[in-house]
Amino acid sequence: MKKITYGTPEKYTPAVFCENFSYTETEITYPVDQIKFKCNQRGCVLTLPLGSEEQIYGLGLQLKTFNLRGKKLIIRPNADPVAATGDSHAPVPFFVSTAGYGIYVDTARYAEFYFGSSKFLTEKEEPVGKKEIASSTEQLYAAKNTGDSNISIQIPAARGVDIYVIEGKNITDVVAQYNMLAGGGCSVPEWGLSAIYRCDGRYTQERVLEAAQKLREDEIPVGIIGLEPGWHSRAYSCSYVWDKEMYPEPQKLVDGLRNLDYHVNLWEHAFVHPESPIYKELVPYSGDYEVWNGCVPDLSMEGAREIFASYHKKLVDMGIDGFKLDECDSSDYTGSWSFPNLAEFPSGMDGEQYHSLFGTLYMQTILKALGDNPTFSDVRNAGALSSSYPFVLYSDLYDHRDFIRGCATAGFGGVLWTPEVRHADTKEEFVRRLQSNVFSVQCLINAWYCEVFPWLAHDCKQEVKELLELREKLKPMLKKAFDKYKETGIPPVRALVSDYSDDAETYNIDDQYIFCDDLIVAPIIAGENSREVYLPAGQWRDYFTKKPVESGRFTVSTDSIPVYEKM
Ligand code: GAL
């Protein structure tokens, strides 16, 4: 791995705020002399070579796109990333190539990555597609391989940047080193890997306890109960104070849940309501724009962190051991609710930088409140170098295919993703969604708007019970994978191309993923009774029946989820 500095890097970058940052230079063979750097009126630009066969992946969690070769993306935090533009809950300026390298660009800017969409021809080359008349828009705009080309990266506003060139035997090896740069993967307690049930936000204390008891009676193995906005006296923005009417005896509730052997997770976001006990103290540490009438504390500042964390410690002392840090991917695109990029924060950061770092700073602050208490929590924004934080990303979007793609792409960027289950239109859909959720890093039923257990509408309590029992069985394997993540940086869930970077058949597989080293999971979407599966060369067997399965491509049809185990 080699760090190269071009021009004068900015003061605020992800590496500056990465608490566990650890860089050791090693020899590399990458042609560093071919990287070009210049400043222009929009910031600075890096240009790098791109070989004709290279495939590119990464830029954090991408729900709408996978192989980035031939694409142009701008990495921008967005609560509603509906298109393949680079917008994401967790955009990360790090990409990897099948040619055995990856580049981390240490910036908190909405950088633009141009992965060889086109190029200038050399004198010897003929222009391609001279006389191709398309008959559909898909055909018209389909990415064309332009042969040897280049990658251009525009970093707005900056007059310089540090990059880290990482080499490895395959993508997994490169990603692992990138994660080690951030201090390795996160440490996760085994209980965190049990299913989470998030109750309807309108539930009272009594209803929560009733639901928790019912789950125990029905022997549905859930390990964590999550409370949604209703627990706050003010929720948008947040007060972090228990609502007296809905939650008159919060300690009794937490104790009651803990007696039933649950861990407890609280929803919140970091826009602080004027009635919150920490509001006045936080205002001097806040940006110059409000969100939902709340102040936006600059959590890069020690003072703000201290106020926020020591208040939250009181919740931790009550027995809370998880938080859901919502809305910190706050962008300006969903109902225009968040602070603009031109906002100014007291540390000197602008809104663009703060948007990029918000999730990371928020996770750090909450971890400070949790102290030595282990957690496996949730967050809606993460950024570069955040692999060592035990938080999982989720979304308000709900396309099942995109959710499965997220399992494959998150592993390219040191972030974790859950394809959460909420409601479903049919029993089949509920079961199909839960199947993929069980084989993911966090098994999350987010019933925040469901008055009753969402499976009751489809009469599939038995299926839910069996799937969550399966989840319980998977926990030791997943825990081992997380321990390995922590030690080596190898993500517990990753795309096939990550391990099999030499196998061109895997280059565009975004609907299967590797789970805990030895399994390949190929979820089925509701409405599709069968699907095509690809297993790379090797000895495989069906995870459930233990019958050997030939590698290569084949079609499978099952009510269960296709999972294959390496022998
Ligand atoms: C959303 C979040 C949902 C739920 C809801 C409650 O922002 O993504 O999962 O928590 O808020 O208001």
Side-chain angles (χ1 to χ4, degrees), residues 61 63 77-82 87-90 195-204 207-208 211 222 224-243 246-247 264-273 276 291-294 296 315 320 322-339 355 358-359 362-363 366 376-382 391-400 402-403 406 410 415-424 430 433-434 437 440-454:
L61 174 71
L63 297 179
N78 188 346
D80 202 22
V82 292
D87 280 11
S88 169
H89 298 287
I196 308 184
Y197 187 84
R198 304 203 70 89
C199 296
D200 189 320
R202 297 159 293 188
Y203 273 14
T204 58
R207 286 293 300 273
V208 171
V222 164
I224 304 165
I225 294 287
L227 304 189
E228 287 287 313
W231 77 269
H232 292 259
S233 61
R234 300 280 184 172
Y236 276 85
S237 44
C238 284
S239 63
Y240 322 99
V241 172
W242 293 92
D243 184 274
M246 290 172 74
Y247 291 82
V264 189
N265 175 302
L266 295 183
W267 173 98
E268 62 163 64
H269 55 67
F271 307 123
V272 185
H273 191 273
S276 169
V291 176
W292 292 310
N293 290 126
V296 187
L315 296 168
I320 304 299
F323 291 89
K324 171 173 171 181
L325 312 183
D326 208 19
E327 319 286 15
C328 47
D329 49 4
S330 60
S331 50
D332 316 301
Y333 323 109
T334 326
S336 301
W337 49 270
S338 192
F339 56 87
H355 274 306
F358 197 1
Y362 195 5
M363 289 188 271
I366 289 297
F376 198 38
S377 287
D378 306 272
V379 71
R380 223 175 59 193
N381 171 247
F391 287 80
V392 183
L393 295 150
Y394 58 96
S395 182
D396 280 341
L397 303 183
Y398 204 43
D399 183 275
H400 192 195
D402 291 349
F403 271 27
V415 294
L416 300 170
W417 160 254
T418 172
E420 69 170 40
V421 180
R422 302 197 287 267
H423 70 280
F430 197 89
R433 284 183 178 274
L434 192 58
N437 193 219
S440 80
V441 290
Q442 188 188 57
C443 183
L444 170 60
I445 300 175
N446 183 13
W448 70 273
Y449 52 76
C450 308
E451 246 194 296
V452 294
F453 296 133

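In each ligand, atom 1 is the first atom listed, and ligand 1 is the first ligand listed. Quick caveat: nothing in here was measured; it's all calculated off a predicted structure.
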Rounded at 0.5 Å granularity, tell me how far CH2 in Trp448 sits from CZ in Arg202. 9.0 Å
Have Tyr362 and Glu327 got a donor and an acceptor in their side chains that come within less than 3.5 Å?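 No pair is found: no donor N or O on one side chain lies under 3.5 Å from an acceptor on the other.
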Partners meeting salt bridge (charged side-chain N to carboxylate O under 4.0 Å, His left out) with Asp396 (sequence neighbours left out):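 Arg380.
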So which residues, sorted by chain and number, lie with a heavy atom under 4.0 Å of ligand 1? Glu228, Pro229, Tyr236, Trp267, Lys324, Asp326, Glu327, Arg380, Tyr394, Asp396, Asn446, Trp448
Could you list the residues that satisfy ring pair (Phe, Tyr, Trp, His ring centres under 6.0 Å) with Phe376, not counting sequence neighbours? Phe482
Listed by chain and number, what are the ring pair (Phe, Tyr, Trp, His ring centres under 6.0 Å) partners of Tyr236, not counting sequence neighbours?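 Testing Tyr236 for ring pair (Phe, Tyr, Trp, His ring centres under 6.0 Å), a comparison that skips the adjacent residues, returns Trp267, His269, Trp292.
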Is a side-chain donor or acceptor of His89 paired with a backbone partner of Asn381 at a separation under 3.5 angstrom? no
